[in-house]
Amino acid sequence: MNIRLHDGPLAELKCDSVFVPLVGGAKLGERAETLVSRLRQSGEITGKHGELTIIHEPNDLAASRLILMGVGKTFDADQAFRMAGQALRAAQKRKFKSLVFALNDGDLVRSVTEGCVYGGYEPPKYKSDEVASTVEEIIIIAPGAEQSDLETGIIVGESVNLTRRLVDTPANDLGPEEFAEIAESMGIAAGLKVEVLDEASLETLGAGSLLSVAKGSARPPRLVRLDWNPTEVVNDSHLFLVGKGVTFDTGGISLKPANSMEKMKYDMAGAATMFGAITAIARLHIPQRVSCLLGLVENMPSGTATRPGDIVQAMNGKTIEVINTDAEGRLVLADALTYAVQQGATHLIDAATLTGAVSIALGAVNIGMMGNDNSLQSHIKATGKSIGEQFWELPMNDDYLEPMKGDLSDLRNAGTDRKAGTITAAKFLEQFVDSTSWVHLDIAGTANLDKAQPNAPKGASGIAVRSLVSTVETWSI
Ligand code: BES
Ligand code: ZN
Ligand code: ZN
């Protein structure tokens with residue numbers, strides 16, 4: 001799939017379809033404009049988001065079809081991203097080979113490009129009768145557009161799709177070792193320094209909390225570190241992106257019910273999100289020091305698994321009673337966060353499919369956001385809003401830590417009831433960040449799409465990658 005800008009007139013461009021948003025689109029010539037206003041008057045075009053109006057053999061255009069796209073009242077970065085993705089999927093369904101986007105200016109070229117790449121996502125191939133995408137060429141006409149915006153859009157879109165592909169890959173093909181190998185080869189290709197810590201190194205580091213989760217699995221854990229250390233940096237901050245990478249979560253001895261357990265292959269979405277984000281940050285040469293830690297483990301029940309009631313010691317010395325082996329994400333993050341602090345992080349952002357409770361609180365609409373740094377949270381929230389990803393803060397009063405205090409141990413990994421489960425989990429994590437500025441993103445409700453969307457099939461959403469890249473690009477903390 002090749003995407004490029006074109007700065008000639010639209011009328012002469014031959015293609016299977018020209019896609020034009022009803023707000024922010026290019027002028028189409030008098031006869032087409034008259035037709036559009038007639039269709040609006042008759043109510044056939046309402047302009048609401050997602051509406052497609054297909055006109056065959058349009059007047060004054062060399063294209064075979066003109067597809068008018070409803071984008072609501074304003075054409076912003078969010079609409080541009082979703083419209084482009086929907087157009088791509090509509091084109092694939094109709095077996096188009098070439099398509100054109102015609103916009104009235106170049107302001108949203110990055111979002112349109114990100115949307116095209118996102119819409120062109122191909123999930124991992126397992127069907128025996130798989131048909132390849134037909135779309136070969138995408139041309140964007142947008143007066144004043146910058147080539148660099150197109151290139152940025154491609155890199156960011158590809159990084160989001162890398163995240164999605166990892167999340168959609170079943171756990172038999174993606175355990176901790178396989179994930180680490182992919183992170184190593186693709187990380188190096190993106191210009192990152194990569195270090196893979198194996199079980200022995202984790203033991204030396206005293207990562208007893210993370211290791212306790214891996215004990216039930218035949219597949220050994222990995223902690224992957226990726227560093228983007230550009231020669232020119234604009235400030236002294238060193239951000240660590242930390243991801244929960246439970247490549248499959250059975251619940252361990254506190255076994256999950258069979259119903260929907262297959263979805264737990266996506267329990268590594270936090271790690272995939274952070275990995276996608278840092279590959280984009282490196283490929284874009286953002287002048288900001290950023291590292292990434294991926295805590296990769298498989299949570300299985302077996303004769304060697306951790307039992308409820310076992311007490312383990314985390315890397316920062318704190319002891320934890322494992323009340324519920326299904327509350328494993330926080331055990332993995334505890335050591336990954338401690339390691340980030342020890343390695344000199346000035347700022348921490350973690351992403352994790354941490355709690356089922358976040359879906360109860362916020363559904364699939366908002367990412368649950370908690371932490372100890374309001375200004376960093378506000379920055380992430382505003383950045384997300386500008387591109388159509390929603391983050392919502394939950395309170396972090398110290399009272400929420402009470403249920404996580406241990407009897408025999410410093411901490412316990414689960415309370416006695418399910419109340420405020422998303423927040424009590426975050427309070428647990430807070431015990432491992434010292435005074436470092438930290439934001440926790442609970443993506444359990446948003447990382448997976450239960451239903452196909454106009455711009456995406458069912459499966460991994462890739463949410464938060466774009467927001468994190470933009471957060472680092474516009475870093476002002
Ligand atoms: N990976 C799950 C969180 C999850 C649950 C994500 C359902 C998506 C859908 C996590 O490891 C977990 O099982 N959390 C428990 C914690 C509880 C035992 C304190 C939960 O949310 O039920
Ligand atoms: Zn679990
Ligand atoms: Zn989990």
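Ligands are counted one by one from 1 in listed order, and the atoms in each one are counted from 1 as well. Along the sequence shown, the residues carry numbers beginning at 1. What you are looking at is a predicted structure, and each value in this text was computed from that prediction instead of being measured.
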Just which atoms of ligand 1 are under 4.0 Å from any heavy atom in [X]?
{"X": "Asp267", "result": "1 (N)"}
{"X": "Glu328", "result": "11 (O)"}
{"X": "Asn324", "result": "18 (C)"}
{"X": "Thr353", "result": "1 (N), 2 (C), 3 (C)"}
{"X": "Lys244", "result": "1 (N), 10 (C), 11 (O)"}
{"X": "Gly356", "result": "3 (C), 4 (C), 5 (C), 7 (C), 20 (C), 21 (O)"}

Exercise. Using 2.8 Å as the cut-off, note every protein N, O or S atom close to the Zn ion (ligand 2).
Key: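 You should have found Asp249 OD2, Asp326 O, Asp326 OD1, Glu328 OE1.
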
Quick one: look at [X] and ligand 1, take heavy-atom pairs under 4.0 Å, and tell me if it's side chain, backbone, both or neither.
{"X": "Asp249", "value": "side chain"}
{"X": "Tyr266", "value": "side chain"}
{"X": "Leu354", "value": "backbone"}
{"X": "Lys256", "value": "side chain"}

Quiz item: So, Asp326 and Ser254: side-chain donor and acceptor under 3.5 Å apart, yes or no?
Solution: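 Ser254 and Asp326 do not have a side-chain donor-acceptor pair below 3.5 Å.
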
Quiz item: Do we see a donor-acceptor contact under 3.5 Å between the side chains of Ser237 and Asn235?
Solution: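 There is such a pair between these side chains.
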
Quick one: does [X] get a heavy atom under 4.0 Å from ligand 1?
{"X": "Arg330", "result": "yes"}
{"X": "Asn413", "result": "no"}
{"X": "Met261", "result": "no"}
{"X": "Met264", "result": "yes"}

Exercise. Have a look at Arg222 and tell me which of Glu177, Glu178, Glu195 forms a salt bridge (Lys or Arg N to Asp or Glu O under 4.0 Å) with it.
Key: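 So the option named by the test is Glu177.
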
Quiz item: In terms of ring plane angle, is the pair His285 and Trp228 parallel, tilted or perpendicular, where the classes change at 30° and 60°?
Solution: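 Because their plane-to-plane angle is over 60°, the rings of His285 and Trp228 count as perpendicular.
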
Quiz item: Phe19 vs Phe96 aromatic rings, parallel, tilted or perpendicular, using cut-offs 30° and 60°?
Solution: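 Aromatic pair Phe19/Phe96 classed tilted.
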
Check: residues 418-428 side-chain donor-acceptor pairs under 3.5 Å, at least two apart:
{"residue": "Thr422", "atom": "OG1", "partner": "Thr355", "partner atom": "OG1", "Å": "2.9"}
{"residue": "Thr422", "atom": "OG1", "partner": "Val358", "partner atom": "N", "Å": "3.0"}
{"residue": "Thr424", "atom": "OG1", "partner": "Ala420", "partner atom": "O", "Å": "3.3"}
{"residue": "Thr424", "atom": "OG1", "partner": "Gly421", "partner atom": "O", "Å": "3.3"}
{"residue": "Lys427", "atom": "NZ", "partner": "Met396", "partner atom": "O", "Å": "2.8"}
{"residue": "Lys427", "atom": "NZ", "partner": "Asp398", "partner atom": "OD1", "Å": "2.9"}
{"residue": "Lys427", "atom": "NZ", "partner": "Glu430", "partner atom": "OE1", "Å": "2.7"}

Please tabulate, for side-chain N and O atoms in residues 203-212, each donor-acceptor pair with protein atoms closer than 3.5 Å (sequence neighbours left out).
{"residue": "Thr204", "atom": "OG1", "partner": "Ala200", "partner atom": "O", "Å": "2.9"}
{"residue": "Ser209", "atom": "OG", "partner": "Leu331", "partner atom": "O", "Å": "2.8"}
{"residue": "Ser212", "atom": "OG", "partner": "Ser209", "partner atom": "O", "Å": "2.7"}

Exercise. For the Zn ion (ligand 3), decide whether Lys244 has an N, O or S atom at a distance under 2.8 Å.
Key: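 Of the N, O and S atoms in Lys244, at least one lies under 2.8 Å from the Zn ion (ligand 3), which means yes.
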
Show which side-chain atoms of residues 292-299 pair as donor or acceptor with protein atoms under 3.5 Å away, not counting sequence neighbours.
{"residue": "Glu298", "atom": "OE1", "partner": "Ser217", "partner atom": "OG", "Å": "2.7"}
{"residue": "Glu298", "atom": "OE2", "partner": "Arg219", "partner atom": "NH1", "Å": "2.9"}
{"residue": "Asn299", "atom": "ND2", "partner": "Asp249", "partner atom": "OD1", "Å": "2.8"}
{"residue": "Asn299", "atom": "ND2", "partner": "Thr325", "partner atom": "O", "Å": "3.2"}

